[in-house]
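A short write-up of the structure that comes next.
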Amino acid sequence: MPKLKTHSGAKKRFNLTKSGKVKRAHAFKSHLLNGHGKTTKRKRGLRQAAYADKTNESAVKRMIPYK
């Protein structure tokens, strides 16, 4: 069977844990981070890692077969 290509966008955005869960970062943390943008509390919450939903897990795992 031929080798599979890894999805370039997915490899930058997702990681797999030892238990097989898909780890991801939160969205909405690229700009408007001060002033009238987001509160400190909200930005602090966005720093925490999150897990991909189980409905998307298989699709993401197919995109990053060797991670």
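Keep in mind that what you see is a predicted model, and the values were worked out from it rather than measured.
The other residues sharing a hydrophobic cluster with I64 are F14, L16, V22, V60, M63, where clustering joins ILVMFWY side chains under 4.5 Å apart.
Residue pairs meeting the side chain to side chain donor-acceptor pair (under 3.5 Å) criterion with at least one partner in residues 21-33, sequence neighbours excluded, are absent. Applying the side chain to side chain donor-acceptor pair (under 3.5 Å) rule to pairs touching residues 57-67 yields N15-K67, sequence neighbours excluded.
Considering only residues two or more places apart in sequence or on other chains, D53 meets the side chain to side chain contact (heavy atoms under 4.5 Å, CB included) condition with T55, N56. Every residue meeting the side chain to side chain donor-acceptor pair (under 3.5 Å) condition with S19, not counting sequence neighbours, appears here in chain and number order: T17.
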Which pairs of donor and acceptor atoms, one on a side chain in residues 41-51, lie under 3.5 Å apart (sequence neighbours left out)?
| residue | atom | partner | partner atom | Å |
| --- | --- | --- | --- | --- |
| K43 | NZ | L33 | O | 2.3 |

